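Chain identifiers are assigned alphabetically (A, B, ...) following the order of the sequence lines, protein sequences preceding nucleic acid strands; residue numbering begins at 1 within each chain. This one's a predicted model, so the numbers in the text were calculated from it and none came from an experiment.
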Amino acid sequence: MIHGKDRLFRLRCEIQALGDDDDAVGNHSTSGCNPPIVEDDDDDLDFENWDGDDDTGGRESSSDDSGYEEFLREMSDKDEKINSLRDMGFSEDEANMAITICGVDADLSVLVDSISASQVTEVCHSRNLSDHQVTARCFDSFGGRKRARLIEESKKKRKRYGGGAQGKRPSSDGSDEESMPLPKPMVGFNLPGYRGPSMTRVLPELATGPPYFYYENVARAPKGVWAKITRFLFDIQPEFVDSLHLCAAARKRGYIHNLPTENRSPLLPLPPKTIFEAFPHYKKWWPSWDQRTHLNCLQTCMAPATVTERIQQKLSSSGNPPPQSVQKYVRHECSKWNLVWVGKDKAAPLEPHEMEYLLGFPKDHTRGVGKTQRYKSLGNSFQVDTVAYHLSVLRGMFPNGVRVLSLFTGIGGGEVALHKLGIHMRVVVSVEIGEANRQILRSWWDQTQTGTLIEIADVKSLKDDEIATYVRRFGGFDLVIGGSPCNNLAGSNRHHRDGLEGEHSSLFYDYFRILNSVKSAMANM
DNA sequence: CTCAGGATGAACCAGCCG
DNA sequence: CGGCTGGTTCATCCTGAG
């Protein structure tokens, strides 16, 4: 209990940064560290098209055309605040993050305090202090001088390390708290058919439901990212799983959830585990010197024709077997682009329907949108069997179905997983920015589901009051599920691998914000 | 204007070897 | 321990066609 309070206070330090010295600017509840974390900003409801309609099988969508002007106003407001913060010596990343956390409406001084508090926390963590010490530090830091000193230290430290947003830290000291080694083999707490030790865990009190929650992102994020995500998500140990242990394609992902880990059961039939089991017909043309048994991670872009042409040209102009140098080149290209052998000397990228199959989606799930869009949507999706294995424990717990808040829904990997598990979805409130993805989910929903689907376009627009309204209307949520954008974390990103504070990946903080808002609203029921 | 396709490394880790 | 090599990675930018 004590620990819970400490923890809450620490999070308050890190997220909301309500300092004593700023009470002149209208801080809301400064009463200390009592739960819930989330607080109500204002009374005016800022969502539209609320008709209270609750037809079974019906759909609602929050249209945003009438909010366009407001959107523009918000954008210019945001730009103005970013400029002000930059003038004060903060980086654009820091400004963006503060606005993400506190909201665009937040007063400038609140934003400044938010940045300061996160810097304090950084110092605390970089000094490898215990939770208790961190809490004490944060407590102290709001006094004034000490905070200024810590912030100064933090700034100097950052300057010394290059100040990049990529989390570049010297890894020389072995006591680095930020490092989070990936397990080998990457099988999570347990996997079907895996004869290793099964992991049991004890969740921190604050982490337990309701609601249950399930968060996903790429395992190989830049240094320090998973440590930070873990810190926000109640210090729950992530479950790192490479889906190649379950299907024919690799997918190294980290999952943080508060679900039970005992008595899981896989989807049946088990998916094909090797390339040849999945696509027997490719055996015919597969050269013996290409010894891949699994495909690499299915990504959002496919190989251009020039790659496959070069491969064909090199192979046809050399003997059989080709010289080692050619083999090496071709193997490398095939691994990099996930090519399969579809003819003599002919390697080709996967078709969208093959990706659907490997990822555990029904055939033609993404059909109807452009091919490029299908690749993109599939590359950004869950591996259904992996997620379903984790979610399978819900089947026995919710015989009457579940109420789901689905953030960053994409093409509905979580929903498909629940459906394939035979878990009825009474309600899904889905937040997804991509029009094509919403269309894909809607089409699947109409064909397979009888529950209520509510569609929202932008996580940023989902505020406390609207969440509270949904919680009241449906009596709460049983599951909050979602994987926040990995764009700025993924290794494939050549341009903006900016870490958790990147333009898209910082939406993680909205996942965190919304999850806490749901917890808070449900606690007040 | 939209759209599809082609070109575009770097970060991180693990293993090896001197 | 440090340098080297190899493997892997839910992507973005630009251009030209329509």
| field | Matching residue for A:P485 among A:Y511, A:F408, A:F508 - test: side chain to side chain contact (heavy atoms under 4.5 Å, CB included) | value |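 The residue from A:Y511, A:F408, A:F508 that satisfies side chain to side chain contact (heavy atoms under 4.5 Å, CB included) with A:P485 turns out to be A:F408.
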Taking the minimum atom-to-atom distance to the side chain of [X], which one of [options] wins?
{"X": "A:K223", "options": "B:dC12, B:dG9, C:dC10", "value": "B:dC12"}
{"X": "A:N493", "options": "C:dT9, C:dT12, B:dA11", "value": "C:dT12"}
{"X": "A:K184", "options": "C:dT9, B:dA14, C:dT12", "value": "B:dA14"}
{"X": "A:Q299", "options": "C:dT8, C:dT12, C:dT9", "value": "C:dT9"}

Residues in ring-ring contact (aromatic ring centres under 6.0 Å, His included) contact with [X], at least two apart in sequence or another chain:
{"X": "A:Y375", "answer": "none"}
{"X": "A:F240", "answer": "A:W226"}
{"X": "A:F477", "answer": "none"}
{"X": "A:Y214", "answer": "A:Y255, A:H257, A:H390"}

Between [X] and [Y], do the side chains contain an N or O donor and an N or O acceptor separated by less than 3.5 Å?
{"X": "A:E354", "Y": "A:Y282", "answer": "yes"}
{"X": "A:Y470", "Y": "A:E466", "answer": "yes"}
{"X": "A:R374", "Y": "A:T366", "answer": "yes"}

| message | Restricting to salt bridge (charged side-chain N to carboxylate O under 4.0 Å, His left out), what partner residues turn up for A:E351, sequence neighbours left out? | response |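 Applying salt bridge (charged side-chain N to carboxylate O under 4.0 Å, His left out) to A:E351 gives A:K371.
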| By side chain to side chain donor-acceptor pair (under 3.5 Å) - contacts of A:S430 (at least two apart) |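 Once residues adjacent in sequence are excluded, the partners of A:S430 under the side chain to side chain donor-acceptor pair (under 3.5 Å) criterion are A:T409.
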| query | Sequence neighbours excluded, which residues qualify as side chain to side chain donor-acceptor pair (under 3.5 Å) partners of A:K252? | reply |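 Result, side chain to side chain donor-acceptor pair (under 3.5 Å) vs A:K252: A:D242.
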| query | Just by protein heavy atoms under 4.0 Å, how would nucleotides 1-7 of chain B read 5' to 3' in B, S and -? | reply | ---SSSS
| said: Nearest whole Å is fine: how far is C:dT8 P from A:L182 CG? | reply: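 Taking CG of A:L182 and P of C:dT8, I get 15 Å after rounding.
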| query | Within this structure, what is the CG-to-C1' distance between A:L298 and C:dT8, rounded to whole angstrom? | reply |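 Distance, rounded to whole Å: 13 Å.
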| DNA chain C contacts made by residues 214-221 of chain A, counting heavy atoms under 4.0 Å |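 Heavy-atom contacts with DNA chain C come from A:E216, A:V218, A:R220.
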| field | Pairwise salt bridge (charged side-chain N to carboxylate O under 4.0 Å, His left out) hits with a residue in residues 477-488 of chain A, at least two apart | value |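 For residues 477-488 of chain A, and leaving out neighbouring residues, the salt bridge (charged side-chain N to carboxylate O under 4.0 Å, His left out) pairs sorted by first residue read A:R403-A:D478.
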| request: Might you confirm whether atom CZ of A:R201 has over 12 heavy atoms from other residues, nucleotides or ligands at distances under 6.0 Å? | output: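 Yes, because the 6.0 Å sphere around CZ of A:R201 holds more than 12 heavy atoms from other groups.
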| Between residues 485-492 of chain A and DNA chain B, which residues have a heavy-atom gap below 4.0 Å? |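 Listed by number, they are A:G491, A:S492.
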| said: Regarding C:dC10, can its base be found pairing with the side chain of A:R253 as donor and acceptor, where the two atoms are less than 3.5 Å apart? | reply: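 A donor-acceptor contact between them is present.
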| query | Under a 3.5 Å cut-off on both pairing distances, which runs of 3 or more consecutive Watson-Crick or G-U pairs involve DNA chain C? | reply |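 If one scans DNA chain C for consecutive Watson-Crick or G-U pairs, the stems found are B:1-8 with C:11-18, B:10-18 with C:1-9.
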| said: What's the gap between B:dG9 and C:dG6 when it is taken at their C1' atoms, as a whole Å value? | reply: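 That atom pair is separated by 15 Å.
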